[in-house]
> 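Dropping the structure in here first, questions after.
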Amino acid sequence: MKHAVCRTSEEPCQECLVGFGAEKIREDFPILWTKVHGKPLVYLDNAATTQKPQAVLDTLMRYYTEENSNVHRGIHFLSQVATQSYESGRTRVRQFLNASHDREIIFTRGTTEGINLVAQSYGRKHLRAGDEVIVSAMEHHSNIVPWQMICEEKRASLKVIPMNDAGELVMDEYERLLSDRTKFVSVVQVSNALGTVNPISDIIGLAHRRGIPVLVDGAQAIPHMPVDVRALDCDFYVFSGHKLFGPTGIGVLYGKAELLESMPPYQGGGDMISAVSFEKTVYNTLPHKFEAGTPNIAGTIGLAAAIEYVEKIGMQQIAAYESELLEYGTELLTAIPGLRLIGTAKEKAGVLSFLLDGVHAHDIGTILDLEGVAIRAGHHCAMPVMKRFGVPATARASLAFYN
């Protein structure tokens with residue numbers, strides 16, 4: 001947390017970095033005191049999911065023991081209290097992203113559902129035969145398959161921004177891909193398999209010059225760096241709560257209001273309507289138009305608590321500390337004979353993906369697990385990345401501020 005002298009500064013001073021206190025922060029995460037195979041847990045699988053601070057756990061327990069009720073339309077006390085907590089969570093997310101309006105924040109089950117919502121709603125309305133959608137070579141499957149599905153349905157084409165051997169997008173090729181046929185761009189901000197931080201502002205700017213909307217997959221960016229959707233000027237931004245020290249099953253889709261207003265509902269059911277008859281249904285206003293059925297109330301409230309927790313630490317401080325941690329880990333790993341890092345971009349965040357000569361990634365994961373060290377081994381839901389580097393899988397250590 002910044003001290004008073006530099007609280008208004010963009011960059012934390014050295015005193016802040018020295019006083020970051022990861023050991024103290026670890027005390028807020030009960031699971032980190034677990035023993036695995038008799039060894040203290042070393043949790044390095046944060047790109048898959050992050051652990052939850054006591055403040056989030058307490059918030060979830062408090063909701064279920066003191067406020068549990070369905071939201072919206074309820075006249076009784078508990079429903080009103082739950083609704084207030086739920087909608088306050090929306091406001092907290094809006095402030096965290098610096099969105100303009102609460103109605104621009106749509107709650108989903110996660111990043112995957114957010115991308116599918118945009119592909120099926122915006123894509124189904126706007127894509128035509130011969131149109132093109134651009135993604136990148138380092139996308140998670142969740143930002144490939146939904147676009148493949150809608151492109152197949154609409155007889156549109158999926159174009160791919162290539163990357164170089166360091167795991168960086170080739171921006172000249174991206175510019176060449178943009179054309180009058182391009183109707184949408186959907187790109188990851190931080191690669192889950194490589195840790196590459198993409199030049200999102202440049203990607204958005206180039207697309208906007210042609211009037212092309214851009215979706216940013218922020219699942220891996222949101223826990224590592226400040227995100228300002230208005231400064232980015234992205235049209236859509238998606239992330240998952242469980243990557244941000246919040247509960248599973250809750251995610252966020254930010255969309256510019258004018259775009260969301262123009263899009264048809266993604267699902268039908270309760271709460272997304274204002275009037276229903278057998279002859280005609282009138283849809284609800286934003287954000288409720290895209291939130292059919294009983295939402296993940298506890299998840300939303302828990303996500304708000306997680307955001308409050310990281311904001312107290314400070315996203316600039318988190319980014320600075322993790323940058324030092326990444327540099328330290330990179331130096332240690334590259335000193336190991338026979339070890340090869342996959343993903344050596346100049347701009348990286350929180351991911352160390354690697355191979356070891358003569359050892360399968362799964363064996364590395366198994367051996368480390370016996371020492372209490374949790375990493376991930378596999379293709380990381382990014383098979384095209386593995387194909388690009390000519391490997392079946394990698395071992396991946398991914399970082400958080402409690403490491």
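Counting from 1, the numbers follow the sequence of the chain as shown.
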> Would the distance check show the side chain of Tyr63 and the main-chain N or O of Ser69 forming a donor-acceptor pair, the cut-off being under 3.5 Å?
yes
> Tell me, which pairs form a ring pair (Phe, Tyr, Trp, His ring centres under 6.0 Å) where one or both residues lie in residues 362-395, sequence neighbours left out?
His141-His379, His360-His362
> Are Asp102 and Thr91 close enough that a side-chain donor and a side-chain acceptor fall under 3.5 Å?
yes
> Pairs under 3.5 angstrom only: tabulate donor-acceptor contacts from the side chains of residues 242-252 to other protein residues two or more places apart or in another chain.
| unit_1 | atom_1 | unit_2 | atom_2 | d |
| --- | --- | --- | --- | --- |
| His242 | ND1 | Thr49 | OG1 | 2.8 |
| Lys243 | NZ | Ala47 | O | 2.6 |
| Lys243 | NZ | Ala48 | O | 3.0 |

> Quick one: CD on Gln120 to CE on Met149, what's the gap to the nearest 0.5 Å?
6.0 Å
> Would you give the length of the straight line joining atom CG of Leu97 to atom CZ of Arg94, rounded to the nearest 0.5 angstrom?
10.5 Å
> Hydrogens and angles aside, do Thr330 and Glu327 bring a side-chain donor and acceptor to less than 3.5 Å of each other?
no
> Determine the interplanar angle of the His288 and His72 rings, folded into 0 to 90°, and report it as parallel if under 30°, tilted if 30 to 60°, perpendicular if over 60°.
perpendicular
> Would you give the length of the straight line joining atom CD1 of Ile297 to atom OG of Ser79, rounded to the nearest 0.5 angstrom?
8.0 Å
> Under the 3.5 angstrom rule, does the side chain of Glu104 hit a backbone N or O of Ala257 as a donor-acceptor pair?
yes
> Kindly determine whether Phe184 and Trp147 satisfy side chain to side chain contact (heavy atoms under 4.5 Å, CB included), including the steps that lead there.
CA-CA 10 Å; Phe184 204 87; Trp147 298 110; 3.5 Å; yes
> Regarding Asn116 and Tyr266, do their side chains bring together a donor and an acceptor under 3.5 Å, going by distance alone?
no
> Between Arg103 and Leu286 (side chain of the first, backbone of the second, donor and acceptor by atom type, cut-off under 3.5 Å), is there such a pair?
no
> Using the rule side chain to side chain donor-acceptor pair (under 3.5 Å), only one of Asp217, Asn192, Thr112 pairs with Ser142; which is it?
Thr112
> Under 3.5 Å, is there a donor-acceptor pair between the Tyr174 and Asp202 side chains?
no
> Please give me the minimum heavy-atom distance between Asp235 and Val214, naming the atom from each residue.
OD2-N, 2.7 Å
> With ring centroids as reference points, do Phe107 and Tyr86 lie under 6.0 angstrom apart?
yes
> Identify whether the distance between the nearest side-chain nitrogen and carboxylate oxygen of Asp131 and Lys159 falls below 4.0 Å.
no
> Does the pair Glu291/Arg90 count as a salt bridge with the N-to-O cut at 4.0 Å?
yes
> Checking the side chain of Asn198 only, and the main-chain atoms of Val188 only, is there a donor and an acceptor separated by less than 3.5 Å?
yes
